[in-house]
2 protein chains.
Amino acid sequence: MQAAEKVFAEAGFGGATMQLIADMAGLPKANLHYYFPTKEDLYRRVVQDIFEIWLHAADSMDQAPGPIEGIGAYIQAKMDISRRHPNGSKVWAFEVMHRAPVIQDYLETTLRAWTTGRVRLIERWIAEGKMAPVDPEHLLYMLWATTQHYADFGHQIETLNAGPLSDADWQKATDSVKTMILRGIGAL
Amino acid sequence: MQAAEKVFAEAGFGGATMQLIADMAGLPKANLHYYFPTKEDLYRRVVQDIFEIWLHAADSMDQAPGPIEGIGAYIQAKMDISRRHPNGSKVWAFEVMHRAPVIQDYLETTLRAWTTGRVRLIERWIAEGKMAPVDPEHLLYMLWATTQHYADFGHQIETLNAGPLSDADWQKATDSVKTMILRGIGAL
DNA sequence: AATTTTCTTGACCGGTTGGTCAGGCTGTGG
DNA sequence: CCACAGCCTGACCAACCGGTCAAGAAAATT
């Protein structure tokens, strides 16, 4: 699964080869096909895994008393995921850009339900005067975009940074995102 | 070029085929190879085109008196590009996720020079007290991430939106991004 | 009109891909 | 020891890929 995640992330579904995944995992290609009959089966598993991780990242948001804690924790969680699972994030991006041929049903069921739930949470915070009256959906898009950017466009960031991001760099990035967004929604 | 942009965007470099691009453009494959000897030549042209468009989008930022006008105009320009050239944006995303095998030199020369120029501009605005002391580079990342998200993840947004975005939807998206970011950097 | 250059195209080729399959290997229960 | 089920794998195949090429069509030049 780790090898598959990496290869799919770096080459996309079309560019990835079962041979390369097998080599990277130290298996004969035929053995890989024993467990995952088709390339699409393997790919689907990788996409579903990262989706599960993302869903759990929102748990911290739910029982928070307000946006400072809730959205702050969500940013923290998603930045951590971007750092630790950059490949999974990339595979998800590939899939969505591909018009989600494999996980369209997930988008329409699970993700939509998740989204409307958080939209209602944000609307409550707005009604309680805990943050400015921003559009909740576009706030969610901004949260996804900004945090996932550090995974999906990590290569671009590393090039501009002249090297991989250090612990301090990640801390600074997370703090910057938190500060700008929380101030942006009038929560600070 | 239009056909190539679309096919590369929807399948990535590895998944795209010259045959499909040729068919979509209404040409025999051999004729396509007459103008673009290799698949990589065609791909490079597509990536360079969107990069040029993005560079020009920053013109409005340069002669602005302050962040409200400058960054506001930049957000407007990049949102317009996301709407009109979603495929180009996706190809760029594919390329960067691929660790930029084709345009790494652009990242290291043109993009790096462009970035340091804007960083200095933002630092001047901060020194002049026109905005809060945010980290300029992470602000740029946030601008790129948020605006390009509407192109790269357009399919996800349309799914949650239950259909394509209308003129009013795009207006609302642009306003939301502008408001949240400008307030986030203390310019409002 | 003749000639030269540019463009267009169907047929073709070596190499690679996802996937198959027959047969060997391993471990467990009797 | 045997038998049997699940696991493993080298060799193989049809399909498809990027790219070539020779020969013809069109356009430009003389």
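Both backbone and side-chain heavy atoms feed into the values below; hydrogens, waters and symmetry mates do not. Proteins come first, then strands; the chains are lettered A, B, ... in the order of their sequence lines, and each starts at number 1.
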Provide the start and end nucleotides, 5' to 3', of the part of DNA chain C that has atoms under 4.0 Å from heavy atoms of chain B.
C/dT6 to C/dG10

Just to verify, what does B/Glu5 make a side-chain hydrogen bond (donor to acceptor under 3.5 Å, both in side chains) with, not counting sequence neighbours?
none

Got a salt bridge between A/Arg44 and A/Asp49, using NZ or NE/NH1/NH2 to carboxylate O under 4.0 Å?
no

Output a table of donor-acceptor pairs, distance under 3.5 Å, between side-chain atoms of residues 126-137 of chain A and any protein atom two or more places apart or on a different chain; print 'none' if there are none.
residue	atom	partner	partner atom	Å
A/Glu128	OE1	A/Lys130	NZ	3.0
A/Lys130	NZ	A/Pro65	O	2.7
A/Asp135	OD1	A/Glu137	N	3.0
A/Asp135	OD1	A/His138	N	3.2
A/Asp135	OD2	B/Lys172	NZ	3.0

Is there a donor-acceptor contact under 3.5 Å linking the side chains of B/Tyr141 and A/Gln156?
no

Kindly check if the number of other-residue, nucleotide or ligand heavy atoms within 6.0 Å of NZ (A/Lys6) is above 12?
no

Is it true that atom OH of B/Tyr106 has more than 12 heavy atoms of other residues, nucleotides or ligands lying nearer than 6.0 Å?
no

Looking only at side-chain N and O atoms, does A/Gln104 offer a donor or acceptor that is under 3.5 Å from a partner on A/Glu108?
yes

Is it the case that atom CZ in A/Arg99 sees more than 12 heavy atoms from other parts of the structure closer than 6.0 Å?
no

Identify each atom pair where a protein N or O and an N or O of nucleotides 22-28 of chain D are less than 3.5 Å apart, giving names and distance.
none

Would you give a per-nucleotide map of nucleotides 6-17 of chain D, 5' to 3', where B means the base has a protein non-hydrogen atom under 4.0 Å away, S means only the sugar-phosphate does, and - means neither?
SBSBB------S

State yes or no: are the ring centers of B/Trp92 and B/Trp54 separated by less than 6.0 Å?
yes

Name each donor-acceptor pair under 3.5 Å that joins a side chain in residues 7-22 of chain B to protein atoms two or more places apart or in another chain, with its distance.
residue	atom	partner	partner atom	Å
B/Thr17	OG1	B/Leu20	N	3.1
B/Gln19	NE2	B/Asp23	OD1	3.1

